[in-house]
Amino acid sequence: MRTNGAALLLRVPSAAWVILLMMTVFTAINSRYLTLDNLVNIVLQNAVLLILSLGATLVILSEGIDLSLGSVLTLSGVTCVLAMKSLMASGASNGLAMAAGVLVGLLTGTLMGLVTGALVSLGNMPSFIASLGMMGVGGALALVLADSTAIYIDNPVFSFIGERLDKSIDGPLLQYLSMPAFIAAAVFGVVWVILYHTPFGRYIIAIGGNESGARLSGINTVSAKWMIYVAAAVLASISGITLAARLEAADSIVGVGWEFDAIAASILGGTSFAKGKGGIGGTVLGVLVIGVTRNGLNVIGVPSLWQPALTGTIIILAIVFEIIHSRWKEGRR
Amino acid sequence: MSLAHVTAKRLAPALERQWLLGAARFIVLICVCVVMTVLTRSDEYGLVFLNLNNLLNIVRNASILIIIGVGQTITLTAKDVDLSVGSVLSLTSVVAAIMLNRYGIPFPVAIFTALLIGALLGLINGLLITQVGLPPFIATYGTLWVLFGFAYLILQGAVIYGFPAGFRVIGNGTLLGIPMPIIVMAAVFGLGYFLLYHTTLGRRFFATGANIETARMSGIKVERVIVLAYVISGFLSALAGLVLIAFTNGAEARIGDRYLLPVMAIVVMGGTSLAGGQGNLLGTLVAALIMAVIHNGMNILAVPAIWQSLVVGLLIIASVLADQWLRRRA
């Protein structure tokens with residue numbers, strides 16, 4: 001009986017235990033926590049983080065790290081909204097302006113990713129320092145372009161991709177569905193296919209497992225590594241655009257610190273720097289740990305002053321638990 | 001020919017290159033100074049850059065960077081990295097500020113407490129890395145955000161102004177006409193230099209960074225060495241914070257934020273390799289002066305602050321690329 005308990009403890013991912021614990025505690029403190037409305041809210045609030053975290057996971061799977069993702073998120077939101085605004089000012093329709101803005105945002109991400117990826121793959125720089133430099137560059141560009149403020153945008157077509165469906169369409173149950181959740185689900189599907197059903201995905205995992213082995217077996221590790229950073233930056237720009245749509249504004253510092261949440265979500269989900277272990281399924285759980293914590297602290301009425309310190313501490317403790325959990329699991333094999 | 005002779009002969013070209021690299025950094029410093037002197041000259045005020053007060057100001061600004069940079073150089077020598085320096089600086093200076101300003105605690109006690117907290121935070125970083133097994137940049141990037149949260153919580157979002165005169169001496173005072181921050185920096189640099197290049201512990205930092213397995217097998221307690229590197233880094237970040245708030249006479253929760261990128265930039269620019277085992281403390285000092293000259297020049301030229309972080313980001317990337325290019329040729 002005791003061995004069964006231990007086996008169950010180890011078979012269920014650590015993040016799931018943390019989520020269960022948090023939800024129990026929050027529900028005990030405030031019964032309003034466990035309502036369908038609030039759960040839908042958690043999904044809406046964390047769809048953007050999930051998209052960003054998928055990119056972080058791809059990079060970590062290849063034994064790298066990208067600290068510039070938060071900056072890319074900010075910068076893409078800013079360029080997207082700026083492009084949209086200038087087109088709307090020159091008389092373009094809302095739909096056309098939105099399409100062009102989204103395209104500009106995605107291009108921004110692609111460019112940032114191309115530079116970071118080139119530094120890491122061609123330049124052979126350690127990823128944390130290359131991306132730290134790009135974090136400075138991207139953050140500064142966003143501040144310069146947005147003139148250090150938030151740029152508001154009034155485009156109903158654009159706002160649609162950031163809100164709950166019942167805001168613009170009539171129909172049953174639509175208050176439980178939101179565009180960010182759809183986008184996150186679609187992005188998750190695409191990343192899943194790329195990671196587990198294409199050669200590129202296998203290269204990512206191979207590079208993380210053993211880079212020189214991957215190179216010797218004929219994989220072009222330079223171009224594969226380069227593309228990993230491009231993919232992560234494109235995902236960051238998708239999350240930046242979605243966030244701008246949800247907030248109906250592009251803020252020049254909105255993404256500061258998001259890369260930490262994204263990296264933490266990946267690690268909480270079991271992706272580790274050692275030997276390409278983990279995957280994007282766990283990342284969903286990791287994002288939920290962070291989302292449930294943030295939302296719960298809010299719902300039970302923890303003053304906002306306390307929230308950064310508390311959230312950070314809980315995340316670090318959860319990471320420590322995940323590492324110990326995975327070590328126990330290794331030990332039993 | 002004795003073995004020592006042969007080794008010396010083998011090493012000679014490498015040492016010469018080292019010397020050239022070091023000299024190159026001095027040349028860059030001189031070039032930057034010349035460029036800034038020319039760019040900032042005005043008909044009305046003449047050569048503003050070469051004004052003695054401006055030069056002292058530059059060295060004083062570099063002092064904060066150097067104090068943190070000494071810790072970071074030691075950490076990188078042991079092939080680790082401390083991304084939490086800015087937040088450690090914020091948290092410890094916020095604690096000291098509260099003790100001095102709100103509770104009127106005597107300043108030696110406040111200084112001691114802040115330094116102790118800095119060292120303890122370094123200890124936590126070191127334990128997260130060596131005992132829990134987190135990669136250094138994850139552990140320290142995590143503590144970066146947690147510590148910022150606590151600094152914010154302690155200050156309740158406020159800004160504190162005004163500290164007792166006795167405390168302000170370490171930032172504002174002078175000794176024989178030299179500003180105190182420069183004196184503190186010189187002491188830290190001297191001690192750091194002695195520790196890194198002339199003690200057994202210093203050699204252990206190099207050995208651990210060069211090859212952790214070999215170091216372990218040769219009997220070095222590498223975990224203890226790594227933890228110690230983080231304790232030093234935390235302690236020095238706290239010290240830098242005290243000097244900074246004593247000089248500016250104010251503290252807020254984000255006061256240390258802007259130091260992470262420049263500190264990484266100067267250490268790497270200084271020739272300390274990210275690959276470990278190659279700490280160059282003198283390089284850190286010269287690079288900090290280069291950085292301070294550039295910042296000072298941009299300030300005189302009224303370049304907006306936001307462009308400055310762009311320049312720092314580009315400097316990090318450029319110096320790592322240059323470092324790698326030189327190494328490949330060597």
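Here is how names work: the chains are called A, B, and so on, in the same order as the sequence lines, proteins then strands, and each is numbered from 1.
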>> Below 4.5 Å, heavy-atom pairs only: which of B:Ile138, B:Leu314, B:Leu83 has the largest tally toward chain A?
In response: B:Ile138

>> Tell me every residue that passes ring pair (Phe, Tyr, Trp, His ring centres under 6.0 Å) with B:His295, counting only those two or more places apart in sequence or in another chain.
In response: none

> How long is the span from the CZ atom in B:Phe137 to the OG atom in A:Ser127, to the nearest 0.5 Å?
Replying inline: 6.0 Å

>> Just so I understand: if I count every heavy-atom pair under 4.5 Å between each of A:Gly312, A:Ala309, A:Ala264 and chain B, which residue has the most?
In response: A:Ala309

> So which heavy atom on A:Arg327 is nearest to which on B:Gln131, and how close?
Replying inline: NH1-O, 3.7 Å

>> Less than 4.5 Å to any heavy atom of chain B: does that hold for the side chain of A:Val115, its backbone, both, or neither?
In response: neither

>> Report which part of B:Val311 has an atom under 4.5 Å of a heavy atom belonging to chain A: side chain, backbone, both, or neither.
In response: neither

> Listed by residue number, which members of residues 64-77 of chain A have a heavy atom under 4.5 Å from any heavy atom of chain B?
Replying inline: A:Ile65, A:Leu67

> Looking at A:Leu310, A:Ile324, A:Val320, A:Ile315, which has the largest count of heavy-atom pairs under 4.5 Å with chain B?
Replying inline: A:Val320

> For the residue pair A:Val137 and B:Leu310, what are the closest heavy atoms and their distance?
Replying inline: O-CD1, 3.4 Å

> Where do A:Ile129 and B:Met264 come nearest, in terms of heavy atoms and distance?
Replying inline: CD1-CE, 3.7 Å

>> Tell me whether A:Ile300 at atom CD1 has more than 12 heavy atoms from other residues, nucleotides or ligands lying less than 6.0 Å away.
In response: yes

>> Going by salt bridge (charged side-chain N to carboxylate O under 4.0 Å, His left out), name the pairs with one or both residues in residues 253-264 of chain A, residues two or more places apart or in two chains.
In response: A:Asp261-A:Arg294

>> With a 4.5 angstrom heavy-atom cut-off, is it the side chain or the backbone of A:Met134 that approaches chain B, or both, or neither?
In response: both

> Considering all heavy atoms of both residues, which atom of B:Tyr152 and which atom of A:Ser304 are nearest to each other, and what is their separation?
Replying inline: CE2-O, 4.2 Å

>> Within this structure, what is the CG-CD distance for the pair B:Leu153 and A:Gln307, rounded to the nearest 0.5 Å?
In response: 11.0 Å

>> Please give me the minimum heavy-atom distance between B:Leu134 and A:Ile319, naming the atom from each residue.
In response: CD2-CG2, 3.5 Å

> Most heavy-atom pairs under 4.5 angstrom with chain A, which of B:Leu261, B:Leu315, B:Leu128?
Replying inline: B:Leu261

> Any side-chain hydrogen bond (donor to acceptor under 3.5 Å, both in side chains) pairs touching residues 108-121 of chain A, not counting sequence neighbours?
Replying inline: A:Thr79-A:Thr108

> Tell me, side chain or backbone of A:Leu119 under 4.5 Å from chain B's heavy atoms, or both, or neither?
Replying inline: side chain

> What is the distance from atom CG of A:Leu143 to atom CH2 of B:Trp307, rounded to the nearest 0.5 Å?
Replying inline: 11.0 Å

>> Is B:Leu260 in contact with chain A via its backbone, its side chain, both, or neither, using a 4.5 Å heavy-atom distance?
In response: side chain

> Taking the inter-plane angle between the rings of A:Phe260 and B:Tyr141 on a 0 to 90° scale, is it parallel (under 30°), tilted (30 to 60°) or perpendicular (over 60°)?
Replying inline: perpendicular

> In terms of heavy-atom pairs under 4.5 Å with chain B, which of A:Ser148, A:Pro303, A:Ala140, A:Pro126 leads?
Replying inline: A:Ala140

> Can you say whether B:Val132 sits under 4.5 Å from chain A via the side chain, the backbone, both, or neither, judging by heavy atoms?
Replying inline: both

> What's the shortest heavy-atom distance between B:Gly149 and A:Pro308, and which atoms?
Replying inline: CA-CB, 3.8 Å

